[in-house]
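Report on the structure given below.
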Amino acid sequence: MKILITGGAGFIGSHVVRLFVNKYPNYQIINLDKLTYAGNLNNLKDVETASNYTFIKGDIVDTDFVMELFALHKFDGVIHLAAETHVDRSITDPLNFLKTNVLGTFNLLHAAKIHWADSTEGKRFYHVSTDEVYGALRLGEETYFTEETPYDPRSPYSAAKASSDHFVRAYQHTYELPIVISNCSNNYGSYQFPEKLIPLFINNIKQEKSLPVYGDGLYTRDWLWVQDHAEAIDIVFHKGKDSETYNIGGHNEWTNIDLVNLMCDMVDEELGREVGSARKLITYVKDRPGHDRRYAIDASKIERELGWKPSIDFETGLRKTIKWYLSNQDWLDNVTSGEYKDYYEKQYS
Ligand code: NAD
Ligand code: TYD
């Protein structure tokens, strides 16, 4: 099997690439990534010389390039993760999100349709998406996003992801492209770019910088260990039914302020500082425009039908994550300095 994984140099993608390269020695894994600020080949150092792994630098927005890539490689499967992913950036540069998330997804779908025209036997296009397409839930209510929840995207990021989900379903409905989609809650773990809440705050606590909590801090997210998401992606790719959607989540809701307080105390402990000192860094700042109040996933379908469930509890996962960021300062320095990008730009362009 020859599988194209897009966005494999990013946070979740690197965990998926690592899992597939190690678990499936008979597959050929092709990682296609543009290496934006969020893509970093240092995330994949441990698999880069594996004989079943190839990296290709390229942009999914480039229609001709994508078409040629499919002609050259004759992929059996696509696991599509490449995207612009940070909500705050989508507010300042929405067009970039439209291009990568919508047009980029469209290019991949169209190339798959053309190149699988003779037979779709054994083929699969897997689109990795987000729970943010469902909009926002109210705080304090026992309501969850299910696979039937109507789409109600509210940020440029989620609007672009929702649009790409619609194109994926349209290609199934119109052209019978064999597709599967999953919509996952917020991930945390190693190799996440330190602009997202958890790695940003761990890094800031370490450097004794302020911790900017947006609005009243009562915004709520459902956090999932990234390696559990990668396992779910493996299961959906291999066992999910064609045309189906699977919601993936951690049954693990935290208000931002409770999570930040927990992180503060854990980082204090890990650094041998007095517990309580990091909390003094918390600063309430102006809210994110259009900030979604609460996300929470009902993951019962994937649990029931495919037998997946999260493997570790949040406090264990968060502790591991904190230890990882504290002991990988070189990685953090590289991704924040842009040094890695200069190096790989030279090597791969
Ligand atoms: P990320 O920002 O860490 O990585 C994205 C990767 O895509 C990077 O390696 C980047 O270089 C690459 N990329 C961006 N634009 C590209 C382009 N035009 N062509 C080729 N490559 C390009 O993202 P992530 O957090 O790992 O998310 C991966 C996927 O999972 C995304 O589709 C995202 O919507 C989805 N998702 C993320 C979360 C989360 O909590 N992070 C939750 C649910 C779903
Ligand atoms: P983030 O990690 O950006 O993920 P998303 O917006 O996709 O859920 O943010 C998680 C939550 O943390 C979200 O409610 C916004 C909030 N947040 C802050 O309060 N301060 C910050 O500096 C960041 C980056 C996020």
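This chain uses plain numbering: 1 for the first residue, then up along the sequence. Atoms within each ligand, like the ligands themselves, are counted from 1 in listed order.
Using a 4.0 Å heavy-atom cutoff, Ser185 is listed among the residues neighbouring ligand 1. At a 4.0 Å cut-off, not a single heavy atom of Gly104 sits close enough to ligand 1 to count as contact. In this structure, Tyr157 does not count as a contact residue of ligand 2, since none of its heavy atoms falls inside 4.0 Å of the ligand. For the pair Tyr157 and ligand 1, a heavy-atom separation below 4.0 Å is found.
Checked against a 3.5 angstrom limit, the closest N/O atoms of Thr130 and ligand 1 fall outside it. Looking at ligand 2, you'll find an N or O of Pro212 within less than 3.5 Å of one of its N or O atoms.
Salt bridge absent: Arg221 and Glu253 never bring a charged side-chain N and a carboxylate O closer than 4.0 Å. The residues Arg319 and Glu269 are annotated as salt-bridged, a charged nitrogen and a carboxylate oxygen being separated by less than 4.0 angstrom.
Considering each of Thr220, Asp292, Asn186, the one bringing a non-hydrogen atom nearest atom 5 (P) of ligand 2 is Asn186. The heavy atom nearest to atom 1 (P) of ligand 2, out of those in Leu218, Leu197, Asp88, Val87, is found in Leu197.
Both the backbone and the side chain of Tyr214 come within 4.0 Å of ligand 2, counting heavy atoms alone. Counting heavy atoms closer than 4.0 Å to ligand 2, residue Glu195 contributes backbone atoms (N, CA, C, O) but none from C-beta onward.
Here is the list of ligand 2 atoms found below 4.0 Å of a heavy atom in His291: 13 (C), 14 (O), 15 (C). Interface atoms of ligand 2 facing Glu132, defined by a heavy-atom separation under 4.0 Å, are 5 (P), 7 (O), 8 (O). Of all atoms in ligand 2, listed by their number and element, those nearer than 4.0 Å to a heavy atom of Leu200 are 22 (O).
One distance of note links CG of Leu197 with OH of Tyr219; it measures 13.5 Å at 0.5 Å rounding.
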